[in-house]
Amino acid sequence: MLQWMVDSTIRSRGIRDPQVLRAMETVPRQLFVRPEDAAEAFSDRALPLGLGQTISQPYVVALMTELARISPGDRVLEVGTGSGYQAAILAECGAEVFSVERLPDLAEQARKRLVELGLEVHLRIGDGAQGWPEHAPYQAILVTAAPQHVPRELLQQLDLGGRLVVPEGGREGQVLRVYRRTKEGFEVSDHGAVVFVPLR
Ligand code: SAH
């Protein structure tokens, strides 16, 4: 089923990075959704996690991971752990993952899943809009809830050459945006419309 998911919705929509494809074929997505949604785990849909939050659709997880251009050993910050699925994909790509979630219940469930899968991810409960300065700078930052404008604290925690991937915008619409830190400042590129829950 994972193979089918990757072939039908990820490869066919243009994701090419072999490391991302392999990670998506390896992490058991069905374990990150609610048991009653297990049958839908492999379709290209966002699914509810409870508490008004959602696990992103597989294509968007793959796209954000590809845009982050992870190399093994990179320190990567994720804002919005949710189910832990995106964190698992990043860990499977060889990153050292730091992930922040504001809702303790979701963070606890994610912690259990990741431990059961033997994936090492550093989790913290708190406001991810502040980042996790103790472990900065990060070679990549993935924001998986949408801010109106990307918080300055997150941009500051990005390494030179690092990539921050964020759905930016409010109710009027969000765009998936990449900020790459350069010596002069930031290079910005847009990668299409997306729909995420808001960053609180
Ligand atoms: N990446 C997740 C999906 C994230 S859904 C996955 O793979 O399943 C967005 C998550 O961001 C929710 O769990 C929400 O509680 C969390 N969130 C929203 N605002 C936040 C904030 N300021 N700090 C940390 N987490 C936040």
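Just so you know, ligand 1 is whichever comes first in the structure, and atom 1 is the first atom listed for that ligand.
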With side-chain contact (heavy atoms from CB on, under 4.5 Å) as the test, would you mind laying out the steps for His122 and Glu96 before giving the verdict?
CA-CA 8 Å; His122 309 281; Glu96 183 176 13; 3.3 Å; yes
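- Nearest protein neighbour of atom 8 (O) of ligand 1, counting heavy atoms only, is Ser83 OG, 2.6 Å.
- Ligand-side atoms of ligand 1 in range of Ile55: 8 (O), range being under 4.0 angstrom from any heavy atom.
- Checking Ser71 against Gln19 by side-chain atom types alone, no donor-acceptor pair falls below 3.5 Å.
- For the residue pair Gln157 / His135, no side-chain donor-acceptor distance below 3.5 Å is found, with atom types taken as modelled.
- Nearest to atom 19 (N) of ligand 1 among the protein's heavy atoms is Arg200 N, 3.0 Å.
- Looking at Asp127 against ligand 1, both its backbone and its side chain come within 4.0 Å, counting heavy atoms.
- A salt bridge links Asp74 with Arg163: the closest approach of a Lys/Arg side-chain nitrogen to an acidic carboxylate oxygen falls below 4.0 angstrom.
- Between Arg111 and Glu101 there is no salt bridge, since no side-chain nitrogen of the basic residue lies less than 4.0 Å from a carboxylate oxygen of the acidic one.
- Listed by atom number, the atoms of ligand 1 under 4.0 Å from Leu199 heavy atoms are 19 (N), 20 (C), 21 (C), 22 (N).
- Protein heavy atom nearest atom 23 (N) of ligand 1, with residue, atom name and distance: Gly128 N, 2.7 Å.
- Within ligand 1, the atoms closer than 4.0 Å to a non-hydrogen atom of Leu106 are 13 (O), numbered from 1 in the order shown.
- Using a 4.0 Å cut-off between heavy atoms, Leu51 makes no contact with ligand 1 at all.
- Close approach to Gln86 involves these atoms of ligand 1, each under 4.0 Å from a residue heavy atom: 1 (N), 7 (O).
- Remark: distances from the non-hydrogen atoms of Gly126 to ligand 1 include one below 4.0 Å.
- For Arg113 (side chain) and Leu31 (main-chain N/O), a donor-acceptor pair under 3.5 Å exists by modelled atom type.
- Residue contacts with ligand 1 for Thr81 involve N, CA, C or O but no side-chain atom from C-beta outward (heavy atoms, distance under 4.0 Å).
- In this structure, a donor-acceptor pair under 3.5 Å is present between the side chains of Glu172 and Gln148.
- The cationic group of Arg29 lies under 6.0 Å from the six-membered ring centre of Tyr85 and within 45° of the ring axis, placing it in a cation-pi geometry.
- Considering CG of Leu142 and CD of Glu78, their distance stands at 7.0 Å, rounded to 0.5 Å.
- Of the protein's non-hydrogen atoms, Glu101 OE1, 2.7 Å is the one closest to atom 13 (O) of ligand 1.
- When only non-hydrogen protein atoms are considered, atom 5 (S) of ligand 1 lies nearest to Thr54 O, 3.1 Å.
- Residue contacts with ligand 1, taken as heavy atom pairs separated by less than 4.0 Å, involve Leu103 solely via side-chain atoms from C-beta onward.
- Between the side chain of Asp44 and the main chain of Tyr59, a donor-acceptor pair closer than 3.5 Å is present.
- Each of the atoms 1 (N), 2 (C), 4 (C), 10 (C), 11 (O), 16 (C), 25 (N) of ligand 1 lies under 4.0 Å from some heavy atom of Gly80.
- If you check which protein heavy atom lies closest to atom 14 (C) of ligand 1, you get Gln53 OE1, 3.3 Å.
- Between the Arg16 side chain and the Arg11 main chain, a donor and an acceptor come within less than 3.5 Å of each other.
- Residue, atom and distance of the protein heavy atom nearest to atom 25 (N) of ligand 1 are Arg102 N, 3.2 Å.
- Every atom of ligand 1 is numbered from 1 in the order shown, and the set under 4.0 Å from a heavy atom of Val100 is 24 (C), 25 (N).
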